Undergrad: 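The structure under discussion is supplied below as structure tokens; questions concerning it will follow.
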Amino acid sequence: MFSKEYRLKKKYQFNYVYRVGRSVGSTNLVLYFSPSKNKNVKVGISVSKKLGHAVTRNLVKRRIRECVIPYLQKINPNFNVVFIAKTSAAEASFAELQKDVNYLLKKANILCG
RNA sequence: UAAGAUAACUGGAUGAUUACGCCACUUGUGGUGAGGAAAGUCCGAGCACCAUAGAGCAAACACUCUUGAUAACGUCAAGCAAUGGUGACAUUAGGAAAAGGGCAACAGAAAUAGACUGCCAACUGACAGCUUAGCUGUAAAGGGCACAGGUGGAAAAGUGGAGUAAAAGCCCACUCAUUAGUAUGGUGACAUACUUCUGCUGUAAACUCAGUGUGGUGCAAGAUGUGGGGCAUAAGAGUUGCUCGCUCGCUCCCAAAAUCGCUUGAUUAUGUUGGCAACAGCAUAACUAGAUAGAUGAUCAUCUUAAAUGACAGAACUCGGCUUAUAGGUUAUCUUAGGGC
RNA sequence: GGAAGCGUAUCGAAGUGGUCGCACCGAGCCGCACUCGAAAUGCGGUUGUCGGAGAAAUCCGGCACGUGGGUUCGAAUCCCACCGCUUCCG
């Protein structure tokens with residue numbers, strides 16, 4: 001389940017997370033997170049033009065989204081989260097991204113239960 | 001068999017579990033969901049607003065063999081000419097240099113006119129000799145020539161003859177290029193033949209000239225709601241400048257989002273008729289993404305296959321082109337070379 | 001999605017058809033002078049790459065102005081197509 005209510009959409013929302021939130025990094029990804037008043041977790045994914053053309057960017061986005069789905073119910077619902085792909089993410093496999101997501105969420109210590 | 005040329009096609013299929021966008025309704029099911037280039041944004045249109053886009057001059061930009069096709073085009077088709085290739089074929093911004101100036105480094109005597117080396121004693125003058133109205137000889141001062149030399153991308157047509165003091169398209173024959181005309185063929189570009197004129201450096205993809213065409217801005221156009229602010233009857237605005245003309249003159253600006261614009265259209269598929277073709281007409285059938293942090297992933301199974309885990313690559317208002325990228329595979333026609341019958 | 005601009009030695013930056021690109025100029029780098037030593041200052045030198053010659057210093061030749069074509073006798077410069085980078089428009 002990763003419908004629109006779980007997504008960060010507006011530019012100001014992203015800016016808020018960057019400004020207020022804290023960050024954790026790994027080889028392929030960077031995780032920003034900040035507390036919010038929403039009842040649901042909201043996840044944003046940012047993939048810059050440096051990674052490549054539209055096809056590769058879309059692929060990275062889809063993979064990250066797929067990786068996050070199993071954790072949606074486990075993350076503390078009072079947080080907003082932004083994943084940023086580094087340049088190396090364009091060549092990383094699905095399994096590597098899964099490992100990175102798991103590592104980052106534990107390191108950030110925002111999982112509940 | 002090898003090496004090529006040209007024109008096309010393909011760019012895996014089916015199913016399961018789970019996940020996403022849109023649509024429908026019975027609200028948890030069903031339907032549907034990227035390309036040949038969706039790309040680059042290089043042209044042409046639709047559409048929207050500015051006057052239902054007006055006139056003149058200027059500027060700027062684009063185009064330039066012919067005939068046709070098209071809504072239109074700088075695109076396409078069939079040809080013509082030139083160039084390249086043994087050939088199948090390919091390429092070409094392919095008007096004018098005799099309207100006008102501009103530029104042409106270095107080399108070379110000289111670069112669009114000229115004489116360095118050279119050739120010449122016919123002419124003017126000089127000198128010498130002699131049989132003295134003159135003749136013969138010497139010398140390149142004046143003068144004549146542009147044949148030969150070498151330089152260069154380019155030196156003013158090539159070969160042969162005639163001619164001369166020496167020479168030269170100065171003249172003649174043939175050839176080459178070129179101007180104009182006539183005839184034949186072709187819608188035409190043009191081709192062939194004959195007559196005739198001329199023998200002219202190159203560059204217009206630097207300026208220019210001739211002809212033709214172009215109003216501007218782009219869906220972030222624009223329309224409708226919401227909130228806030230300004231102006232107070234003429235300043236101004238109408239998107240290159242000037243002149244004219246017309247219109248608006250209560251409308252203008254800012255903010256954040258929403259809805260519309262947003263997909264049935266110069267559409268697609270099949271057949272048929274006309275045309276060498278581009279393409280057009282007719283008939284039948286079909287409806288095929290519409291997002292807005294922006295939708296196709298993950299894990300398998302089976303099949304086709306040499307292989308498919310593996311090419312280039314992701315719609316953003318919509319069409320017609322152009323250009324560029326593209327693994328592997330397939331088809332058709334043709335060319336050259338070698339071999340066999 | 002749309003609209004503009006820029007690519008020249010290690011860096012910045014002139015050069016807009018002509019003597020090999022001795023690539024003006026500035027910074028940097030190297031050497032020398034000055035100094036006990038350094039800085040500053042002054043003077044001189046300095047593009048890369050490929051190939052060849054040489055014991056070495058060094059010398060000679062080719063290619064290269066983002067890349068590839070074209071026009072021209074000749075292109076960093078003119079034309080066309082790509083590649084990369086930057087900026088603007090809600």
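Sequence lines set the chain letters: A, B, ... in the order given, protein chains first and strands last, and positions in each chain run from 1. Values below: every heavy atom of this structure, side chains too, minus hydrogens, waters and symmetry copies. Since this is a predicted model, take the numbers as computed values, not measurements.
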Undergrad: Separation of A:R57 atom CZ from B:A38 atom C1', in whole Å?
TA: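 It works out to 14 Å between those atoms.
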
Undergrad: Between A:R63 and A:G44, just flag the one whose closest nucleotide in RNA chain B comes earlier from the 5' side.
TA: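 Per heavy-atom nearest nucleotide, the more 5' residue is A:G44.
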
Undergrad: Using whole Å, what does the distance between atom P of nucleotide B:A298 and atom CD of A:E96 come to?
TA: 14 Å

Undergrad: Name the pairing partner of B:G114, where a pair is Watson-Crick or G-U wobble with both distances under 3.5 Å, or state none.
TA: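 Its partner: none found.
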
Undergrad: Whom does C:U58 pair with, Watson-Crick or G-U wobble, provided both distances fall under 3.5 Å?
TA: C:A53

Undergrad: Quick one: look up who B:A258 pairs with, Watson-Crick or G-U, both distances under 3.5 Å, and put none if it's unpaired.
TA: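 Its partner is B:U224.
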
Undergrad: With rounding to whole Å, what would you report as the distance between B:C312 and C:C83 at their P atoms?
TA: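 My reading of the P atoms in B:C312 and C:C83 gives 15 Å.
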
Undergrad: When the distance from CZ of A:R62 to C1' of B:A19 is rounded to whole Å, what number comes out?
TA: 12 Å

Undergrad: Rounded off to whole Å, could you give me the CG-to-C1' distance for the A:N80 and B:A293 pair?
TA: 14 Å

Undergrad: Under 3.5 Å for both donor-acceptor distances, Watson-Crick or wobble: does C:U72 have a partner, and if so which one?
TA: none

Undergrad: Both distances below 3.5 Å, Watson-Crick or wobble geometry, any strand: find the nucleotide opposite C:A14.
TA: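 Partner of C:A14: none.
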
Undergrad: Between B:A48 and B:G328, how many Å separate the two C1' atoms, rounded to a whole number?
TA: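 Between the two C1' atoms, the distance is 47 Å.
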
Undergrad: How long is the gap from OG on A:S46 to CG on A:L29, to the nearest 0.5 Å?
TA: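 These two atoms lie 11.0 Å from each other.
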
Undergrad: If we take the P atom in both B:U304 and B:C25, what is their distance in whole Å?
TA: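 Approximately 44 Å lies between the P atom of B:U304 and that of B:C25.
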
Undergrad: Taking C:G66 as the reference, what is the distance to C:G48 when you measure between their C1' atoms (whole Å, please)?
TA: 15 Å

Undergrad: Just name whichever nucleotide pairs with B:A332, Watson-Crick or G-U, keeping both distances under 3.5 Å, else none.
TA: B:U6

Undergrad: For B:G87 versus B:A69, give the span between their C1' atoms, rounded off to a whole number of Å.
TA: 33 Å

Undergrad: Please report the interatomic distance CG(A:L104) to NZ(A:K99), rounded to the nearest 0.5 Å.
TA: 13.0 Å

Undergrad: With rounding to the nearest 0.5 angstrom, report the CD1 to CG distance, A:I84 to A:N28.
TA: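 Answer rounded to 0.5 Å: 14.0 Å.
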
Undergrad: Taking atom P in both B:U92 and B:A77, what distance in whole Å separates the two?
TA: 13 Å

Undergrad: Between A:L59 and A:T56, just flag the one whose closest nucleotide in RNA chain B comes earlier from the 5' side.
TA: A:L59

Undergrad: Rounded to whole angstrom, note down the P distance from B:G68 over to B:U41.
TA: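 Rounded to whole Å, the distance is 38 Å.
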
Undergrad: Would you kindly give the CG-to-P distance between A:N58 and B:A293, to the nearest whole Å?
TA: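 These atoms are roughly 14 Å apart.
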
Undergrad: Could you tell me the separation between the CD1 atom of A:I45 and the CZ atom of A:R57, rounded to the nearest 0.5 Å?
TA: 14.0 Å

Undergrad: Could you give the distance from OG (A:S26) to CG (A:D100), rounded to the nearest 0.5 Å?
TA: 3.5 Å

Undergrad: Do A:F33 and A:N80 have side chains that get closer than 4.5 Å, going by heavy atoms?
TA: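 A:F33 vs A:N80: side chains apart.
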
Undergrad: Rounding to an integer number of angstrom, what distance separates B:A62 and B:U217 when you compare their P atoms?
TA: 15 Å

Undergrad: Given that both distances must come in under 3.5 Å, which nucleotide forms a Watson-Crick or G-U wobble pair with B:G84?
TA: B:C89

Undergrad: Could you tell me which nucleotide pairs with B:C244 by Watson-Crick or G-U wobble geometry, both distances under 3.5 Å, or answer none if nothing does?
TA: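 Paired with B:G54.
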
Undergrad: Just compare B:A295, B:A313, B:A298 and give me whichever is closest to any side-chain atom of A:V55.
TA: B:A313

Undergrad: Please report, rounded to the nearest Å, how far the C1' atom of B:A298 is from the CG atom of A:L97.
TA: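 Rounding to the nearest Å, CG of A:L97 and C1' of B:A298 are 12 Å apart.
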
